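These notes concern the structure reproduced below.
Predicted, not measured: the structure shown is a model, and the values here were computed from it.
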Amino acid sequence: MGKKRVMVPAKELELSTVKYEKETIQAPHLTGSILKLFVRIIEIPIIGSLIISFMKKENNMVEMLQNTEIPEKPMFKPEFPPQEAEPSVVIVDEEGEPTDRVQSALKCLPHYDPASCWSGDTLPSFRYWKIRDFAYAYRSKLVTPSKIAEQIITLVEGCKYHKAPTPLLISFDAEDIRKQAAASTQRFKEGNPLSILDGIFMAIKDDIDCYPHPTKGASTWMHEVRSVEKDAVSVSRLRSCGVIFIGKANMHEFGMGTTGNNPNYGTTRNPYAHERYTGGSSSGPAAIVASGLCSAALGTDGGGSIRIPSSLCGVVGLKTTYGRTNMGGSLCGSGTVEIAGPIASTVEDVILVYAAILGSSPEDRISLKPSPPCLPILSSLENVNILGSLQLGKYTEWFNDVHSTDISDVCEDVLNLLSKSHGCKTIEIVIPELHEMRIAHLVSIGSESLCSLNPDIEDGKGVKLNCDTRTCMALFRTFTASDYVAAQCLRCQGDKEQHCPEILDLNLIIIENPFRRRIMHHHMEIFKKVDVIVTPTTGMTAPKIPPGALENGESNMQVSGYLMRFILAANLLGLPAITVPVGYDKQGLPIGLQLIGRPWGEATILRLASAIEELCAESRRKPASFHDLLKTK
């Protein structure tokens, strides 16, 4: 064992001594038969452990996990200090009716006349139809939910979006869609829509329950060991508002990847470039929204799984504060880094869906003591003044650590636009211990994933996993704190008690959670000076799909490193974050800007995202694959 690395207490760390270190990942890029062979080797007892141990050592994980002494006490899940109230907001009742919250959200939106969008010549060359456009079309009897449903069914079946090689949906039932749409059409005929979301079509990621569809996590077997008896809490709230669900959207198997690659059902393609990935793991939801098939979709985010694909597909994705939404009825509902959140083509549509699904679980309301949920009043005269008072934190060396300067240049231009148009000030900040943050997140999500899946793997399902998932699991098995996670979060799946047999490694437990406390301290100190931390959402635009990756998968840690570069603070610390499209690189691929807010500060980042969206509206481009469901000509 090497010499112990002793860290100074976080409160005593001198920021002037912090030097930014570029992330370098030492791991082979594997696809096809080579990946299959590698998986077989690393699953061999002793030999596999030696290979994984060598790779961990090459990436400084051994030093970080075993040879570091940290003075802070553990933090096993995000703990937030009390937060000041946000200005110019409306507080909504998280225990009230979702329809009431949606109505409150509608009143917060700026004035908009949908009728003007049907005047023909005044329309821009390309635009996404908003939820308010659909609602206007239904009320005005220009179209019905049933007619839109038939268009969607024709597109899904005609383009084979429910079949390989380019599936957007894993589970799809045309008759169920028709039934939901007919009920919505009748409500509009009677003049009694449930809310502005009535008749709005949405897709649900395949790790969230949406009855009567099975939940597979994009695997080939999860539905065999776990049945779906009812909607997840978030889906139930949306259904009560009249939302129509088109099915279960494709994803990276069990969320264990950043590209969206999935040999089980076919890999969803990026609507802007068919030969490129959508990003993951919420690949299907982001592509469905970007291609115009649905106004919104519901995804989950444990390591950027909403924000990465939203950025790569040129749409808006919101990662809420940990505990702001109830995760009941999702495969990742018992972790400490995951949330469920909306993906939509516009910020205002994200706000409407967010209003419907928000509301902590009873357990989280007790343990996390969340601030009351609130929404930004974008229609108020105060909005401009509030935008002008915002202080934006930018860690320049981190901000510029991207695969192509197209990304940092476009994002920098947006910050300059914000300063010129609204008076927002950008302040230089330093974020210490970014490498420690990446390791702490990997240990957290890896241990929790292993704990959740291990009983079924031990029952023989492990061989049915994709090769890249098996590679992840081989690494996670070396994080022997999974037994500790199970002991603290003992839970049942069906009638089967969950536990993990790995040996408890106290060194790893003590290392992971004090890092979380330290990094939380650093960020809370930053938020004393700024209101929002700004970064590019990803360090690269949509990567190409290698030919050998479609059949057997792909393991490319370098690509994952770029895609997750700016993502992890929001997951490890439970902070709210949003990605908003701001432009394109020289190849015409979307670029997203990420806004990270204070705990429970969704209203602030939504307000700023709306302003950014307005500044970038004229530059928005039509994807190569796009379907206009409300054609006006």
Taking [X] for the side chain and [Y] for the main chain, is one N or O donor matched with an acceptor at less than 3.5 Å?
X: S311; Y: I308; value: no
X: D209; Y: S330; value: no
X: Q83; Y: P81; value: yes
X: E72; Y: A10; value: yes
X: H252; Y: S281; value: no
X: R187; Y: N192; value: no

Q. Looking at L418, V414, L392, which hits side chain to side chain contact (heavy atoms under 4.5 Å, CB included) with V534?
A.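 In the set L418, V414, L392, the residue that makes a side chain to side chain contact (heavy atoms under 4.5 Å, CB included) with V534 is L392.
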Is [Y] close to [X] at the side-chain level, that is, under 4.5 Å between some pair of heavy atoms?
X: I431; Y: V18; value: no
X: S310; Y: I306; value: yes
X: Y354; Y: T320; value: yes
X: V316; Y: T579; value: no
X: I196; Y: I131; value: yes
X: L573; Y: P78; value: no
X: P98; Y: R101; value: yes
X: F134; Y: S295; value: yes

Spatial distance of atom [atom1] ([X]) from atom [atom2] ([Y]) [nearest 0.5 Å]:
X: L331; Y: M251; atom1: CG; atom2: CE; value: 7.0 Å
X: L375; Y: R607; atom1: CG; atom2: CZ; value: 10.5 Å
X: H422; Y: N385; atom1: NE2; atom2: CG; value: 11.5 Å

Verify whether one side chain among [X] and [Y] offers a donor that lies under 3.5 Å from an acceptor in the other.
X: S88; Y: S380; result: yes
X: T535; Y: R565; result: no
X: T99; Y: S195; result: no
X: T541; Y: D585; result: yes
X: N571; Y: R307; result: yes

Are [X] and [Y] ion-paired here, with the side-chain N under 4.0 Å from a carboxylate O?
X: D206; Y: K248; value: yes
X: K394; Y: E428; value: no
X: R127; Y: D133; value: yes
X: R518; Y: E436; value: no
X: R239; Y: D231; value: yes

Q: Could you give me the CA-CA distance, side-chain angles and deciding distance for R598 and T321, then say whether side chain to side chain donor-acceptor pair (under 3.5 Å) is met?
A: CA-CA 9 Å; R598 294 186 177 98; T321 305; over 6 Å; no
Q: Hey, can you tell me if H523 and F527 have their rings parallel, tilted or perpendicular (30° and 60° cut-offs)?
A: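 Tilted.
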Q: Hey, can you tell me if Y128 and F626 have their rings parallel, tilted or perpendicular (30° and 60° cut-offs)?
A: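 Rings of Y128 and F626: perpendicular, over 60°.
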Q) Between F80 and K369, is there a cation-pi geometry (under 6.0 Å to ring centre, at most 45° from the normal)? A)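 Geometry flag: not set, cation outside 6.0 Å or 45°.
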Q | Cation over ring face, R139 and Y136, 6.0 Å, 45° | A |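 The answer is no, since R139 fails at least one limit relative to Y136.
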Q) Please walk me through it: do E412 and L417 pass side chain to side chain contact (heavy atoms under 4.5 Å, CB included)? A) CA-CA 9 Å; E412 184 70 39; L417 271 176; over 6 Å; no
Above 12 or not: heavy atoms from other molecules or residues under 6.0 Å from [atom1] of [X]?
X: E97; atom1: CD; answer: no
X: Y584; atom1: OH; answer: yes
X: E618; atom1: CD; answer: no
X: Q391; atom1: CD; answer: yes

**Q.** Aromatic ring proximity, centroids under 6.0 angstrom, Y395 and Y20
**A.**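 Yes - the distance between ring centres of Y20 and Y395 falls below the 6.0 Å cut-off.
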Q) Any chance the rings of W398 and F566 have centres within less than 6.0 Å? A)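 Distance test on ring centres: under 6.0 Å, yes.
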Q: Would you please name every residue forming a salt bridge (Lys or Arg N to Asp or Glu O under 4.0 Å) with K529, sequence neighbours left out?
A: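 Result, salt bridge (Lys or Arg N to Asp or Glu O under 4.0 Å) vs K529: none returned.
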Q.
Apply side chain to side chain donor-acceptor pair (under 3.5 Å) to residues E338 and T300 and explain how you reach the verdict.
A. CA-CA 7 Å; E338 296 93 347; T300 56; over 6 Å; no
